[in-house]
A.B. asks: 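Below: one structure in structure tokens.
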Number of protein chains: 2
Amino acid sequence: MILSAFNVNLIGFFGARASTVTKATDKKRTLKALAETLELSVTTVSRALGGYSDVAPGTRARVLEAAANADYVPNSAAKMLVTGRSGFVGFMLPLRETAVLDPFLGEYIAGLSSGLSERGRDLFMATVPANQSELTVLQHVVESGRADAIVLTRVAEHDERVEYLIRRGIPFVTHGRTLSEQTDYSWIDTDGYKAFADIFTWLYAMGHRRFGLMSITEPMTFRTHREEGFRDAMQAQGDADTSLVVKHVPRFDTEARVPAVRAMLALENRPTAVLSLTDELALCVLTQAADMGIAVPEQLTVIGFDNIPAADYATPGLTTFDQSIRHAARQMSTMLLDMLDGHTNTTQTLIMPSLVKRGTHAPGPMAAVATVTSPHNQDALSTEPTNYEAASDQSVG
Amino acid sequence: MILSAFNVNLIGFFGARASTVTKATDKKRTLKALAETLELSVTTVSRALGGYSDVAPGTRARVLEAAANADYVPNSAAKMLVTGRSGFVGFMLPLRETAVLDPFLGEYIAGLSSGLSERGRDLFMATVPANQSELTVLQHVVESGRADAIVLTRVAEHDERVEYLIRRGIPFVTHGRTLSEQTDYSWIDTDGYKAFADIFTWLYAMGHRRFGLMSITEPMTFRTHREEGFRDAMQAQGDADTSLVVKHVPRFDTEARVPAVRAMLALENRPTAVLSLTDELALCVLTQAADMGIAVPEQLTVIGFDNIPAADYATPGLTTFDQSIRHAARQMSTMLLDMLDGHTNTTQTLIMPSLVKRGTHAPGPMAAVATVTSPHNQDALSTEPTNYEAASDQSVG
DNA sequence: TATAGTTTCCGAAACGTTTCGGATGGCATC
DNA sequence: GATGCCATCCGAAACGTTTCGGAAACTATA
């Protein structure tokens, strides 16, 4: 059982306490107005507020007080216009209007905003209208100057958004990476290759030989990595008696996955362990297995990926890899802010997900043999799930 | 069983297809530059692009073509500055950095953005830094002109953010409403009063007499409405043998709720039906009941609220009210856009949630009596869960 | 041929901020 | 008393757009 890694803090939950909000002065609160009341020039007021050294301490104090009294807030448009920076980080919303909800959207936003708020930046969400492509919207956001930097998710193997941003020289970070030759950009990703290699070793040691893999049809890089990780580990094992059946279904199509899962479970030589690229798929396997009278985990081991909340509430609880999207998103935001603050080096971070062991795994048919011959059991996956703080974020770039 | 109400549409999922992105001309793409190449005035170019009638068709065509060729995108800061509108709708992120994730955040964003994208507006997310109050941030967002309108969630019974926005005359919509005397603003809310009144009637008709209510400590309006709805219905029934035990726990504190739930279930005259203000609470009841050896639904009926994804995966599936946050969020966005487009009338919308009947409800001790004496069974809650399209959104304002 | 009306275009101001390049005055130094 | 050096302040330009109030040229009307 894994517990929620985040504490609850209700202090200040209901917004601010008393504060001076109303200022009867309904004059336009601009620098000019401030300057006039203070009988100073606009320049001086601006520089006083901006913390420049060439303004007398007394004057600065007067300005600061007057600004506070008048509830002065600088007009962001004017500031943007003259500085050329918006202060926004742009987030491309990964959904079409009719599309199913990305289960991670909330996690992304929460993680990003927690990082951004610490350095006074805000998040700007670009929505993609039905008649426009995502690239077009991205272009508009960038060219119009509404965002200084971009966060990209759902990166595909070949992603023209990435290519555009590189060509354009805009700071950006992606969650997931492309498979293109263009590799010199900042990303953060889960080490799906190693995770799936490890899970093979672990399951093999537990006596499993016939494997099923519920994968997705979309050409996402993480799909390739995870499939390869498993295949490579299987080949490295060199046991001719191991087998792997892979099925591909559209990632967000809740209907189409059912027949694929059932076909997998109805194979004459049914796998004893089925891995899934997402928890949604794994939960579907669970449901269908129950429906077909297959006992989990006695007759079938099911492994998911993502550790979505529902994984914990399923019966039995789904054994799955935990990748904290929020953690990754938070890290993305700091990477981006570092880039914006002049540290222009690109950083590429791989995070090793931890296996959360619940109730959907059990020894396979070769269990007796395995415990004797294979020492891998201890190596591949530690019994204690590592938590995020301790997780090894190995830097690659 | 309720099915996902949203279709899957993968067309165009991977971003745009080929498009002209690179323009070798690295000149600044401004109106002035455009005007110079076209040998026209800035005014004319602007008006041609803006669709004004006082520009000759031929000229307009030339301008449009040149603009497209140069990948011209108007600078949004300049536009904001002169028009005084940002084109953004502001969303106050309902979380503190250490706070637990609002389970609806993703739904909110998805719903809002789907509505906004249709009318070319973007979403701006205001994050609240640790050292600032939510009201301060809201003020800054409004005064700096970064948002033309505001979406507020998690509205409390008395909410100074609402008061501020009313006083300031900024268009805004809330999800949930206040209990203050200030009522002339636009909101959308779930009819928790009626829902809880109905559920009492339904459960009573099923033979339940002893009720438990897991409520929250936070002074949110929906808490009051739901509690009152249930109490009023119970009083209206006028049966002296009915009883109600209410417990309040912090809404997002996953630890604190456990002892409260256990205390409720350990009562000497344990309720036969426990209602919860949120699904998280209801799922906790389920878990603890299992732990204490109480059979659900045979010995205990559990009713949730919200219909979060995990509710469907629990065993048995949680019977709960479905309120589509996404649906509400989408409607909020259109309400806001209507206000921004000049239709300044405030609209207040109550949505009746539908009960999703899964496996955690069963007849109570008085079942035999009930089926004979009470006709309410048919009235209170229809057997078929209404879907959103058919749901009656009754306008109140 | 004047006159009025229409079509098409443009100059210039305005939005509110930042910042460059001085300007002013006071003070110490030679 | 001239010189240089600070400390403190300010004028004006610039950012890129929209829009008001014409202006010019052409067409239709008297």
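All values below were derived from every heavy atom in this structure, side-chain atoms included, with hydrogens, water molecules and symmetry-related copies excluded. Everything quoted here is computed from the prediction, not taken from an experiment. The chains referred to below are lettered A, B, ... by the order of the sequence lines, with proteins before strands, and numbering in each begins at 1.
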A.B. asks: Could you pull out all residues at least two apart from A:Thr183 that satisfy side chain to side chain donor-acceptor pair (under 3.5 Å)?
C.D. replies: none
A.B. asks: Whether the A:Thr83 and A:Arg85 side chains hold a donor-acceptor pair (N or O, under 3.5 Å, no angle test) is what I'd like checked.
C.D. replies: no
A.B. asks: Can you run down the side-chain hydrogen bond (donor to acceptor under 3.5 Å, both in side chains) pairs that involve residues 51-62 of chain B, sequence neighbours left out, and say none if there aren't any?
C.D. replies: B:Arg47-B:Asp54
A.B. asks: Going by the rule side chain to side chain donor-acceptor pair (under 3.5 Å), which residues pair with B:Thr153 if we only count those two or more places apart in sequence or in a different chain?
C.D. replies: none
A.B. asks: Who are the side chain to side chain donor-acceptor pair (under 3.5 Å) partners of A:Thr174, not counting sequence neighbours?
C.D. replies: none
A.B. asks: Salt bridge (charged side-chain N to carboxylate O under 4.0 Å, His left out) with A:Arg177: which residues, sequence neighbours excluded?
C.D. replies: A:Asp189
A.B. asks: Report for the helix from C:dT1-D:dA30 to C:dC30-D:dG1: angle between first-end and last-end helix axes, five pairs each, rounded to 10 degrees.
C.D. replies: 60°
A.B. asks: Can you name the residues that form a ring pair (Phe, Tyr, Trp, His ring centres under 6.0 Å) with B:Tyr72, not counting sequence neighbours?
C.D. replies: none
A.B. asks: Restricting to side chain to side chain donor-acceptor pair (under 3.5 Å), what partner residues turn up for B:Thr178, sequence neighbours left out?
C.D. replies: B:Tyr185
A.B. asks: Each nucleotide in nucleotides 13-25 of chain D should get exactly one letter: B, S or -. Can you fill that in based on protein heavy atoms under 4.0 Å?
C.D. replies: --BBBBBB-----
A.B. asks: What integer distance in Å separates A:Leu38:CG from D:dC9:P?
C.D. replies: 11 Å
